[in-house]
Asks: 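Shown below is the structure under consideration.
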Amino acid sequence: MNYQNAKFNQSFGISSQLPPSDLAEIAFAGRSNVGKSSLLNKLFNRKQLARVSSVPGKTITINFYDVDSVRFVDLPGYGYAKISKQEKERFAELMEGYFKSKRNLKLVVQLVDMRHKPSADDFGMIEFMKQADIPFIIVMTKSDKLKVKEYKRRLEESKKELEIAGDVPIIPFSSQTGEGVDEVKRYIEQAL
C-alpha cells in the first residue's frame, strides 16, 4: 500500500449520513487531542491532510480518507468536557452509529496518551472492542514528550494499566520523531 496516495474522501456529522462500507476500513479512536490526526498525517507522510489542532474537540465529524483500496477513518475524540450536552449526545450517536452500521472494519487503532494513565473512556472503548470482537492495537502517543527515564517508567506502567486489553500490541508513537510508524503500518497491513 502506498500511503502517500492518501486523499480525503468525505466527512459525516450524523450516523444516518454514513455511506455503505464498500472498502476495508481502518479506524482511529481515542480521546480528544490524543493525536489521531497527527498519526494519520505521519502515516500518509503529509503535513496537513488530516486537520491538526492544539485545541481539543476539533474533529467533530467522522472523516474518511482513501488510500489505494482501503478507507482510513478518523473518529471524533471522546471525553472532551467543554462541549454542550447536545454535542456530546451527537458524538455518542455518531460513534455508536459507526460501529453498529456493519462496517468492513479490519482494525481499530486505539490511541492513548503515553504521558498519562488511560482514562475511564479509554478503558470503556477497549472493553467495547473486546466485547464486540473488534481487532485493535493500542498506540501510545506523544512518546517524544517524555524524558528517557520517564518514558521507560510509563511504558512499564502502561503495560500493567492496559492488561485488560489482553495480548494486544502496545506501540509507543511520536509524530515528531516517527517512532512506531513502521510498526503501526505493519499491523495495518497484517489486518488487511
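These numbers come from the heavy atoms of this one structure, side chains and all, not from hydrogens, waters or symmetry mates.
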Asks: Which atom pair, heavy atoms only, marks the closest approach of V139 to V184?
Replies: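 Smallest interatomic distance, heavy atoms only, reads CG2-CG2, 3.8 Å.
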
Asks: My understanding is that only residues two or more places apart in sequence, or in another chain, count here; which of them pass side chain to side chain contact (heavy atoms under 4.5 Å, CB included) with V70?
Replies: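 For V70, the residues satisfying side chain to side chain contact (heavy atoms under 4.5 Å, CB included) (neighbours in sequence not counted) are M1, I26, F72, L192.
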
Asks: Mind running side-chain contact (heavy atoms from CB on, under 4.5 Å) on L43 and F28 for me, showing each step along the way?
Replies: CA-CA 12 Å; L43 285 172; F28 294 76; 3.7 Å; yes

Asks: Taking only residues two or more places apart in sequence, or in another chain, which ones meet R46 in a side-chain hydrogen bond (donor to acceptor under 3.5 Å, both in side chains)?
Replies: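 If we apply the side-chain hydrogen bond (donor to acceptor under 3.5 Å, both in side chains) test to R46, skipping adjacent residues, there are no hits.
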
Asks: Search all heavy atoms of L105 against all heavy atoms of Y98 and return the closest pair with its distance.
Replies: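 Reported closest heavy-atom pair: CD1-OH, 3.6 Å.
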
Asks: Same cluster or not: are I188 and L23 linked, directly or through other Ile, Leu, Val, Met, Phe, Trp or Tyr residues, by side-chain heavy atoms under 4.5 angstrom apart?
Replies: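 No, because I188 and L23 fall into different hydrophobic clusters, even though each may have its own neighbours under 4.5 Å.
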
Asks: About how many Å separate CE of M140 and NE2 of H116, when rounded to the nearest 0.5 Å?
Replies: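 Interatomic distance, H116 NE2 to M140 CE, rounded to 0.5 Å: 10.5 Å.
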
Asks: So, for I62 and L18, which heavy atoms are closest and what is the spacing to 0.1 Å?
Replies: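 For I62 and L18, the tightest heavy-atom pair comes out as CD1-CD2, 4.2 Å.
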
Asks: When rounded to the nearest 0.5 angstrom, what distance separates OG in S37 from CG in N63?
Replies: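 Reported to 0.5 Å precision, the distance equals 7.0 Å.
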
Asks: Going by an N to O cut-off under 4.0 Å, is there a salt bridge joining K42 and E179?
Replies: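 Salt bridge: no.
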
Asks: Return the set of residues passing ring-ring contact (aromatic ring centres under 6.0 Å, His included) with F99 (not counting sequence neighbours), or none when no residue passes.
Replies: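 F99 satisfies ring-ring contact (aromatic ring centres under 6.0 Å, His included) with F128 only.
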
Asks: Looking only at non-hydrogen atoms, find the nearest pair between F123 and P118 and report the distance.
Replies: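 That closest heavy-atom pairing would be CE1-O, 3.5 Å.
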
Asks: My understanding is that only residues two or more places apart in sequence, or in another chain, count here; which of them pass side chain to side chain contact (heavy atoms under 4.5 Å, CB included) with Q4?
Replies: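 Applying side chain to side chain contact (heavy atoms under 4.5 Å, CB included) to Q4 gives N2, N45.
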
Asks: Do D121 and S119 meet the criterion of a side-chain donor-acceptor pair at a distance under 3.5 Å?
Replies: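 Per modelled atom types, D121 and S119 side chains form no pair under 3.5 Å.
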
Asks: Check this for me: does any side-chain nitrogen of one of E157 and R153 sit under 4.0 Å from a carboxylate oxygen of the other?
Replies: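 A salt bridge is present here (some side-chain N lies under 4.0 Å from a carboxylate O).
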
Asks: So which atom in L155 and which in P172 form the shortest heavy-atom distance, rounded to 0.1 Å?
Replies: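 What the structure gives for the nearest pair is CD1-CG, 3.7 Å.
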
Asks: Going through the distances and angles, do S143 and Y151 end up as a side-chain contact (heavy atoms from CB on, under 4.5 Å)?
Replies: CA-CA 7 Å; S143 66; Y151 174 102; 3.6 Å; yes

Asks: Any chance the side chains of T177 and D144 put a donor and an acceptor closer than 3.5 Å?
Replies: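 No - no donor-acceptor pair under 3.5 Å links their side chains.
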
Asks: What's the separation between atom CD1 in I126 and atom CD in Q131, rounded to the nearest 0.5 Å?
Replies: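 It comes to 12.5 Å.
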
Asks: Can you give each donor-acceptor pair under 3.5 Å made by side-chain atoms of residues 162-169, sequence neighbours left out, with the distance rounded to 0.1 Å?
Replies:
none

Asks: Quick one: side-chain hydrogen bond (donor to acceptor under 3.5 Å, both in side chains) partners of N5, sequence neighbours excluded?
Replies: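 If we apply the side-chain hydrogen bond (donor to acceptor under 3.5 Å, both in side chains) test to N5, skipping adjacent residues, the hits are D68.
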
Asks: Check for a donor-acceptor pair, side chain of K36 on one end and backbone N or O of R31 on the other, with a separation under 3.5 Å.
Replies: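 Yes, K36 side chain to R31 backbone: donor-acceptor pair under 3.5 Å.
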
Asks: Working to the nearest 0.5 angstrom, can you tell me the gap between E127 CD and M125 CE?
Replies: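 Rounded to the nearest 0.5 Å, the CD-CE separation comes to 12.0 Å.
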
Asks: In terms of side-chain geometry, is the basic nitrogen of K147 or E150 positioned less than 4.0 Å from the acidic oxygen of its partner?
Replies: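 The answer is no: the pair does not qualify as a salt bridge.
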
Asks: Can you name the ring-ring contact (aromatic ring centres under 6.0 Å, His included) partners of F8, sequence neighbours left out?
Replies: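 ring-ring contact (aromatic ring centres under 6.0 Å, His included) list for F8, sorted by chain: Y65.
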
Asks: Tell me which pairs pass side-chain hydrogen bond (donor to acceptor under 3.5 Å, both in side chains) where either residue lies in residues 12-23, with sequence neighbours left out.
Replies: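 Output for this query lists S15-E93, S21-E25, D22-R71.
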
Asks: Evaluate the side-chain proximity of P135 to V108: yes if any heavy-atom separation is below 4.5 Å, no if none is.
Replies: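 They are not in contact (no side-chain heavy atoms under 4.5 Å apart), so the answer is no.
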
Asks: If you take all heavy atoms of I170 and S158, which pair is closest and at what distance?
Replies: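 Reported closest heavy-atom pair: CD1-O, 4.4 Å.
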
Asks: Any chance you could measure K142, atom NZ, to R115, atom CZ, to the nearest 0.5 Å?
Replies: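 These two atoms lie 5.0 Å from each other.
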
Asks: Please step through side-chain hydrogen bond (donor to acceptor under 3.5 Å, both in side chains) for the pair D113 and T141, ending with a clear verdict.
Replies: CA-CA 5 Å; D113 189 330; T141 60; 4.8 Å; no

Asks: Any chance you could lay out the side-chain contact (heavy atoms from CB on, under 4.5 Å) test for E161 and R154, step after step, and finish with the verdict?
Replies: CA-CA 10 Å; E161 293 159 0; R154 278 302 303 142; 3.0 Å; yes

Asks: Please identify each residue that fulfils side chain to side chain contact (heavy atoms under 4.5 Å, CB included) with S175, with sequence neighbours left out.
Replies: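 Residues passing side chain to side chain contact (heavy atoms under 4.5 Å, CB included) with S175: S38, F173.
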
Asks: Please name all residues satisfying ring-ring contact (aromatic ring centres under 6.0 Å, His included) with F64, sequence neighbours left out, ordered by chain then number.
Replies: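 Result, ring-ring contact (aromatic ring centres under 6.0 Å, His included) vs F64: F12.
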
Asks: Sequence neighbours left out, what passes side chain to side chain contact (heavy atoms under 4.5 Å, CB included) with A191? Give chain and number order.
Replies: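 With sequence neighbours excluded, A191 shows a side chain to side chain contact (heavy atoms under 4.5 Å, CB included) to K106, L107, given in chain and number order.
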
Asks: Given D122 and Q110, is the side-chain contact (heavy atoms from CB on, under 4.5 Å) satisfied, shown in steps?
Replies: CA-CA 8 Å; D122 292 327; Q110 174 65 39; 3.8 Å; yes

Asks: Does any part of the side chain of R186, heavy atoms only, come nearer than 4.5 Å to the side chain of D182, both counted from C-beta?
Replies: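 A side-chain contact is absent here, since even the closest heavy-atom pair is not under 4.5 Å.
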
Asks: Please check if atom NZ in K117 has more than 12 non-hydrogen atoms from other residues, nucleotides or ligands closer than 6.0 Å.
Replies: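 Check fails, neighbour count at 12 or below.
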
Asks: Taking everything shown except K130 itself, do over 12 heavy atoms lie less than 6.0 Å from its NZ?
Replies: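 Above 12, so yes.
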
Asks: Nearest 0.5 Å please: distance from the CG atom of L75 over to the OG1 atom of T61.
Replies: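 Those atoms lie 10.0 Å apart.
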
Asks: What residues form a salt bridge (charged side-chain N to carboxylate O under 4.0 Å, His left out) with K159, not counting sequence neighbours?
Replies: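 For K159, the residues satisfying salt bridge (charged side-chain N to carboxylate O under 4.0 Å, His left out) (neighbours in sequence not counted) are E156.
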
Asks: For the side chain of S174 and the backbone of Q176, is there at least one donor-acceptor N/O pair under 3.5 Å apart?
Replies: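 Flag set: sc S174 to bb Q176 pair under 3.5 Å.
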
